[in-house]
2 protein chains.
Amino acid sequence: MQPINGNGVAKVLDSENPEFKKGDLVWGMTGWEEYSLITAPYLFKVPHADVPLSYYTGILGMPGMTAYAGFYEVCSPKQGECVFISAASGAVGQLVGQFAKLLGCYVVGSAGSKDKVDLLKNRLGFDEAFNYKEEPDLNAALIRCFPEGIDIYFENVGGKMLDAVLINMKVGGRIAVCGMISQYNLDEPEGVHNLTRLISKRVRMEGFLVSDYNHLYPKFLEMIIPYIKGGKIVYVEDTAEGLESAPAALVGLFSGRNLGKQVVAVASE
Amino acid sequence: MQPINGNGVAKVLDSENPEFKKGDLVWGMTGWEEYSLITAPYLFKVPHADVPLSYYTGILGMPGMTAYAGFYEVCSPKQGECVFISAASGAVGQLVGQFAKLLGCYVVGSAGSKDKVDLLKNRLGFDEAFNYKEEPDLNAALIRCFPEGIDIYFENVGGKMLDAVLINMKVGGRIAVCGMISQYNLDEPEGVHNLTRLISKRVRMEGFLVSDYNHLYPKFLEMIIPYIKGGKIVYVEDTAEGLESAPAALVGLFSGRNLGKQVVAVASE
């Protein structure tokens, strides 16, 4: 049986590939298992071991690069712009918000619990945040947070939230479509009704995949490592202990049970 | 009572504005009436009078500039790309298709009658065309015309057509959103369900308004006038005679009764 793949951090026990030797720490596509035989590696050496190794599943791995590429490359952000992020306390969203704050933007996030909203406002430095599950009218929530409209929407959820955002975009706004997690487990995706706003507001909406931006990883590290070491950016993880907790942790993502990046600790150093 | 405004061509009878003198031919925002008092002019002098004057409501006016800006500025087209245009025989669509053919693209249009499909294939040089009203499955029609997918979609209609296009876009495709005429007269716009394809295919979808591109008009004329005079581009108009025919002509647009750009001839030279 094929193991389930996922982004992980591991230590090389043996390798016939000259690029990897015993004892190397690596990150990339590993299996949901304690020991993996990796034959077609999407695998990188851990470049800095003086940070928590779990960061290579998050801020220093695929989610970090996703936030970096999505925000800086797709959103074309400018200082002072109004930025909205859905699923804002998640693996990617929490970083986009902090990048936007560092650039001098006004930043609002939505999330699905009081704890997440507290996290956004009190630990991650968002200007505003709201619990979408407690807002009877998403449009009203956005008008309250963005009386003059939204320049940039970092889209992680899709569906009703996107529809509400569309009627609150400013002229020349940009929507980076990173994910639409609210739609993935539906039999049929919800309809989005307000796309005519793309015309009147001249909005650009663009989907992206992080794999198109792998070449930027060194540039990303150059920026992010000093931010981490200087405490300018924090990263919140929700760690489930033991491989046996992985299935429940995965399922929990779809109901938003995790607070921050969901990590499964298979083993410790 | 305020007259209804619309894009028209007119002759100046008198003017207190030094930029216009008696006898000048002008185009721009005029009234649905035989004589207009224009106080806040969105009005330009006719730069070339050796073409049909009605062209300044179409190929040399707002629709022409819309096709030009939408195709060259928003779609980022390249030779050899696969281009799909909805409402392809309309005021804008017929030009986008001809621009794309001149660039060496493969071009397909959809329209709502056999006459329109004939026009696209036999007079306007489209590679393929289909009548969307006779296609039980729009997705199947697009797969038939674009076995390898669509690079560029010039969007004029919205709704179900957009949904079908989304599942046929190629990686890196672009959608220029010019209009969504199928949606304007609905109580609630239809839902669009396939937006997650923007992510997997890294598609850029961008709305635009021609008024943002007015500064390109001289450059546009430089390109289009030789094409018209050299017969490289044709422009199909559907002329209703007399101001009294204007209301029916307008209503007819929403059921697609017109063949080509709908013009109302209020008077002749």
Side-chain angles (χ1 to χ4, degrees), chain A residues 66 69-70 73-76 86-87 92 153-163 165-167 169-214, chain B residues 66 69-70 73-76 86-87 92 153-163 165-167 169-214:
Chain A
T66 301
E73 301 291 315
V74 183
C75 292
S76 314
S86 54
V92 176
Y153 173 45
F154 198 95
E155 163 69 302
N156 288 313
V157 303
K160 290 180 181 61
M161 185 65 89
L162 176 56
D163 248 344
V165 166
L166 281 166
I167 50 184
M169 291 300 290
K170 279 197 208 178
V171 168
R174 287 132 275 151
I175 299 176
V177 190
C178 177
M180 292 189 167
I181 197 169
S182 75
Q183 305 300 299
Y184 299 151
N185 285 348
L186 301 179
D187 288 334
E188 196 196 12
E190 287 177 280
V192 172
H193 298 267
N194 296 325
L195 290 169
T196 55
R197 298 299 181 107
L198 296 179
I199 308 170
S200 53
K201 296 301 175 69
R202 296 85 126 183
V203 169
R204 168 165 62 83
M205 186 168 172
E206 189 164 352
F208 72 99
L209 288 181
V210 63
S211 49
D212 292 337
Y213 299 91
N214 285 343
Chain B
T66 302
E73 301 291 315
V74 183
C75 292
S76 314
S86 54
V92 176
Y153 174 44
F154 197 95
E155 164 69 300
N156 287 311
V157 303
K160 289 179 182 63
M161 184 65 88
L162 176 57
D163 248 344
V165 166
L166 281 166
I167 50 183
M169 290 300 289
K170 280 196 208 178
V171 168
R174 288 132 273 151
I175 299 175
V177 190
C178 177
M180 293 190 166
I181 197 169
S182 74
Q183 305 300 300
Y184 299 151
N185 284 349
L186 302 179
D187 288 335
E188 195 196 11
E190 288 177 280
V192 172
H193 298 267
N194 297 324
L195 289 169
T196 55
R197 298 299 181 108
L198 296 180
I199 307 169
S200 53
K201 297 301 175 70
R202 297 84 126 182
V203 168
R204 168 164 63 82
M205 185 168 172
E206 189 164 352
F208 71 100
L209 289 181
V210 63
S211 49
D212 291 337
Y213 298 92
N214 285 342

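What you see below is based on every heavy atom in this structure, not just the backbone, and it leaves out hydrogens, waters and symmetry mates. Chain letters run A, B, ... following the sequence lines, proteins first, then strands; residues in each count from 1.
For chain B, no part of I175(A) is nearby; none of its heavy atoms comes within less than 4.5 Å. Proximity to chain A (any heavy atom under 4.5 Å) is shown, for D163(B), by neither the backbone nor the side chain.
Other residues, nucleotides and ligands contribute more than 12 heavy atoms inside 6.0 Å of the NZ atom of K170(A).
Most heavy-atom pairs under 4.5 Å with chain A: of the set E190(B), R174(B), Q183(B), this distinction falls to E190(B). Among the candidates E206(B), R204(B), H193(B), E155(B), the residue making the largest number of heavy-atom pairs closer than 4.5 Å to chain A is H193(B).
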> After noting the C-alpha distance and the side-chain angles of V177(B) and L195(A), does the key distance pass the side-chain contact (heavy atoms from CB on, under 4.5 Å) rule?
Replying inline: CA-CA 9 Å; V177(B) 190; L195(A) 290 169; over 6 Å; no
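Counting all heavy atoms, side chain and backbone alike, I199(A) lies closest to Y184(B) at CD1-OH, 4.0 Å.
To the nearest 0.5 Å, the span separating CZ on R202(B) from CG on D212(A) amounts to 4.0 Å.
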